[in-house]
Protein chains: 2
Amino acid sequence: MRIAELSGRSGTSIPSIKYYLREGLLPGGNATGRNQADYDEAHVHRLRLIRALLDVGGLSVAAVRDVLAAVDTPGLPGHHLLGTAHHAISPPPPRRDPDDAGWQAARAEVEELIERRGWYVGPDSPGIDAAADAIAAMHALGQEDLLILDTYADAAERVAAEEVAAVVARGEPARMVQGVVIGTILGEAILCALRRLAQQNESAKRLPSVREA
Amino acid sequence: MRIAELSGRSGTSIPSIKYYLREGLLPGGNATGRNQADYDEAHVHRLRLIRALLDVGGLSVAAVRDVLAAVDTPGLPGHHLLGTAHHAISPPPPRRDPDDAGWQAARAEVEELIERRGWYVGPDSPGIDAAADAIAAMHALGQEDLLILDTYADAAERVAAEEVAAVVARGEPARMVQGVVIGTILGEAILCALRRLAQQNESAKRLPSVREA
């Protein structure tokens, strides 16, 4: 198909397609003339993936490039790929002070949680620091009653077990690789959106008391 | 206390404090001289809140201003406050086409889920559109097997019930208001970080099969 059809099929403007081609996110089509190329279904799918990562996942173009490079590396271990996807959706780390006693205590709290849960997680995992950042902030703000860590860990376990099971059930390596990336990034968007809806439901039932204040 | 002590106590540089004062995020101290002001514990707490929202919550300065304005409005209904917190942590909406049949179908899927769950949620809730964005992208990418919506909804319900219960248990309106904002924003950071750790654990147990590909 020509670029105009690719644009229509993928819901992406022609200037955006040309930008992704220049940035190396989208492989070029088959040249059919001096300024013309032919694209196929793989290009449609790739463009949809790029748009989902950018628009729904909220990734930067640089993060999308990293994720696609991982997807395109044949035989990359599933674990490494998960790390790439996690890295891409992690916000830049706050200007934390690793020597700060409060932050150290929060990190120890996460490590105890991992130990208690029996989670097999390396000590360098960025998720540990990310959780420690938020927990340290909760403590600094005196919000210990909101630190329902085991409730969050229960929810995380159930969700992760089903997510990984769905990916493993695919069997075909190329589709497993895509599933890790897409499931990690778009799944987070779905889980967070549903948490907000569930909070609204709970708060509609229980929070009107704040209104009377 | 003087600004130098405020800086040390809150872990915020003096130029940053001056910036937050200029931007109206931090109320001024008590003027004690031509170029000198006296700050108190409320300023320390406020600065920690600003830093947590910026650094851990990943909010923009404009979003922090909106959240703090809501916190500072006495008697604001709890429900409105939750909406402000949700709005602040929502990424800007993707360039979605609301007439797109795929997006409409995804939105209908979210509405059915809400109906099935009996959630009391208004039709204009931004969480509905945010969930629809990610679900539409999953369908466009042919990843229906990863759409474990009821698993996400179960997790969201449990988490939200405990979160709202912890806020309601506070009783004191000013602390409930802070709890809604902080719990919504930092709680999301904790839940997402723990989900990544739980995924790593599951993937370490079950995904090495991708390595052999």
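In this text, all values refer to a predicted model and were calculated from it rather than measured experimentally. Throughout, a chain's letter reflects where its sequence line sits, starting with A, and its residues are numbered from 1.
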Picking from Gly118(A), Ala137(A), Ala161(A), which has the most non-hydrogen pairs under 4.5 angstrom with chain B?
Ala161(A)
Among Leu197(A), Val159(A), Val44(A), Asp145(A), the residue with the most heavy-atom pairs under 4.5 Å to chain B is Leu197(A)
For Ala165(B), is it the side chain, the backbone, both, or neither that has a heavy atom closer than 4.5 Å to a heavy atom of chain A?
both
Looking at Thr151(B), Asp100(B), Leu147(B), which makes the most heavy-atom pairs under 4.5 Å with chain A?
Thr151(B)
Side chain of His43(B), backbone of Asp40(B): donor and acceptor closer than 3.5 Å?
yes
What option among Ile190(A), Ile185(A), Leu141(A) has the most heavy-atom pairs under 4.5 Å with chain B?
Leu141(A)
Between Gln143(A) and Arg170(B): side-chain donor-acceptor atoms closer than 3.5 Å:
yes
Considering only heavy atoms and a distance below 4.5 Å, find which of Ala153(B), Ala189(B), Ala52(B), Ala140(B) pairs most often with chain A.
Ala140(B)
Is it true that a side-chain atom of Thr12(B) and a backbone atom of Ser7(B) form a donor plus acceptor pair closer than 3.5 Å?
no
Where on Ile128(B) is there a heavy atom nearer than 4.5 Å to chain A: the side chain, the backbone, both, or neither?
both
Verify whether one side chain among Trp103(A) and Asp133(A) offers a donor that lies under 3.5 Å from an acceptor in the other.
yes
State the CG-CD1 distance between Leu6(A) and Ile14(A), to the nearest 0.5 angstrom.
8.5 Å
Under 3.5 Å, is there a donor-acceptor pair linking the side chains of Trp119(B) and Glu157(B)?
yes
Chain A contact via Ile114(B) - side chain, backbone, both or neither, heavy atoms under 4.5 Å
side chain
Among the listed options Ala130(A), Gly11(A), Gly142(A), Ser125(A), the residue most often paired with chain B at heavy-atom distances under 4.5 Å
Ser125(A)
Side chain, backbone, both or neither: which part of Ser10(B) has an atom under 4.5 Å from a heavy atom of chain A?
neither
Please flag which part of Val110(B) lies under 4.5 Å from any non-hydrogen atom of chain A: side chain, backbone, both or neither.
side chain
Gap between atom CZ of Arg51(A) and atom CZ of Arg46(A) - 0.5 Å precision
15.0 Å
May I ask you to check whether Glu163(B) and Tyr152(A) show a side-chain donor-acceptor distance below 3.5 Å?
yes
Out of Ile135(A), Asp154(A), Leu146(A), Ile148(A), return the one with the most heavy atom pairs under 4.5 angstrom to chain B.
Leu146(A)
